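To start, the structure itself, in structure tokens.
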Amino acid sequence: MDLSMQAVEGGFTDAVLEAQAVFRALLDALSRPASIQEVRGLERAPASLSPVAAALAATLLDADTPVWLGPTLANQPAVKSWIAFHTGAPLVANPGEAHFAFCADPAQMPTFDNFAQGTQEYPDRSTTIILQMASLTGGEQFFLEGPGMENRALFAPTPMPKHFREQWLANGTRFPRGVDLVFAGPGAIAAMPRTTRLLAREA
């Protein structure tokens, strides 16, 4: 299959209803950090972009949302062509200019402080980072608390960015600035907005 055909194929069958379902799941994930929300991924996502990450891209990206791709995705012409055709989102080389970032290899991604942090006046002008995960369970265990969680929550996605604990603690010191994370696992998503606090290991 040539590149032009790969770019055309693989979008939503019913763009309005399917995008609405993905967006509702994302809102639920952000309002209830660490909760796992089912998402129906795209059946024919381009190589290296997972079906769930592709569904998020098709829902969130448009011509006014600059997007940064991690090296694994940026090196795939099919991924860039697919995003251009289905969303029109401009690709940026500098993660600090991105509204959204997609990373297929969390362990190799830049540190969080390389992405847009927003400002004190406009904290929403920050990057939301979508991380492709092998699983939303079974990894290193993190205990979380914060708005949207009645009690502390256990969260164990895998694989995680390097030095995640230190990076997330630093992200919290920048509040209300800072990045938000969305984890795209197999058939589901979870999220950690910047308001989520990471508890000590012994908590």
Side-chain angles (χ1 to χ4, degrees), residues 7-46 48-70 73 79-92 95 97-104 106 109 112 115-118 122-133 135-137 144 146-150 153 155 157 171 176-196:
V8 172
E9 292 191 347
F12 286 130
T13 302
D14 187 325
V16 174
L17 291 180
E18 293 180 67
Q20 286 177 343
V22 174
F23 192 68
R24 283 195 299 270
L26 179 59
L27 289 181
D28 287 342
L30 289 167
S31 62
R32 297 171 55 203
S35 68
I36 296 176
Q37 306 291 330
E38 291 186 4
V39 167
R40 181 179 178 181
L42 298 183
E43 294 182 1
R44 293 189 301 277
S48 300
L49 189 65
S50 75
V52 170
L56 288 167
T59 300
L60 297 172
L61 303 183
D62 60 30
D64 296 320
T65 54
V67 61
W68 178 87
L69 301 178
L73 299 175
V79 173
K80 294 190 285 187
S81 297
W82 186 90
I83 288 175
F85 180 84
H86 287 281
T87 74
L91 298 178
V92 295
E97 299 174 357
H99 291 183
F100 293 97
F102 285 76
C103 187
M109 66 178 289
F112 297 156
F115 295 91
Q117 303 293 308
Y122 301 101
D124 58 318
R125 295 179 180 175
S126 62
T127 305
T128 297
I129 305 172
I130 290 88
L131 303 174
Q132 291 187 186
M133 313 303 291
S135 175
L136 296 178
T137 61
L144 311 177
M149 289 178 282
E150 185 174 349
F155 192 39
N171 191 63
R177 301 165 61 241
V179 301
D180 302 309
L181 304 181
V182 177
F183 302 87
I189 61 173
M192 286 179 62
R194 71 197 72 179
T195 54
T196 305

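Computed from a predicted model, the values in this text were never measured in an experiment.
With sequence neighbours left out, the side chain to side chain donor-acceptor pair (under 3.5 Å) criterion links Thr59 to no other residue. Every residue meeting the side chain to side chain donor-acceptor pair (under 3.5 Å) condition with Thr137, not counting sequence neighbours, appears here in chain and number order: Ser135. Looking at residues two or more places apart in sequence or on another chain, you find a side-chain contact (heavy atoms from CB on, under 4.5 Å) between Pro176 and Gln120, Pro123. Partners of Pro95 under the side-chain contact (heavy atoms from CB on, under 4.5 Å) rule, at least two apart in sequence or in another chain, are Trp68, Asn114, Phe115. With sequence neighbours left out, Pro90 forms a side-chain contact (heavy atoms from CB on, under 4.5 Å) with Pro66.
Across Phe102 and Ala53, no two heavy atoms sit closer than the pair CE2-O, 3.4 Å. Nearest heavy atom pair, residue Trp82 against residue Ala54, reads CH2-O, 3.5 Å. Between Thr196 and Met149, the closest heavy-atom pair is CG2-CE, 3.9 Å. Nearest heavy-atom pair, Pro106 versus Leu131, reported as atom, atom and distance to 0.1 Å: CG-CB, 4.2 Å. Nearest heavy atoms, Leu69 versus Lys80: CD1-CG, 3.9 Å. Contact between Ala191 and Leu30 at its shortest, heavy atoms only, is CB-CD2, 3.6 Å.
Gln132 contributes a side-chain N or O that, together with a main-chain N or O of Ser50, makes up a donor-acceptor pair within less than 3.5 Å. Checking side-chain atoms of Thr128 against main-chain N and O of Asp180 turns up no donor-acceptor pair under 3.5 Å. A donor-acceptor pair is defined here as one N or O able to donate and one able to accept, closer than 3.5 Å; no such pair exists between the side chain of Thr65 and the backbone of Ala89.
Distance check: His99 NE2 to Leu60 CG gives 12.5 Å after rounding to the nearest 0.5 Å. Interatomic distance, Arg125 CZ to Gln117 CD, rounded to the nearest 0.5 Å: 15.0 Å. Separating the CG atom in Leu181 from the CZ atom in Phe112 is a distance of 4.5 Å, to the nearest 0.5 Å. Ile189 contributes atom CD1, which lies 11.5 Å from atom CZ of Phe183 (distance to the nearest 0.5 angstrom). The distance from the CD1 atom of Ile130 to the CG atom of Leu26 is 8.0 Å, given to the nearest 0.5 Å.
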message = Please evaluate residues Ile129 and Val182 with respect to the criterion side chain to side chain contact (heavy atoms under 4.5 Å, CB included), reporting the C-alpha separation (whole Å), side-chain torsions for both, the decisive distance (0.1 Å), and the verdict.
response = CA-CA 6 Å; Ile129 305 172; Val182 177; over 6 Å; no
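With contacts defined as side-chain heavy-atom distances shorter than 4.5 Å, the pair Val67/Thr87 does not qualify.
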For residues 32-42, dump all side-chain donor-acceptor pairs below 3.5 Å to protein atoms at least two apart in sequence or in another chain.
from, atom 1, to, atom 2, distance (Å)
Ser35, OG, Arg32, O, 2.7
Ser35, OG, Gln37, NE2, 2.9

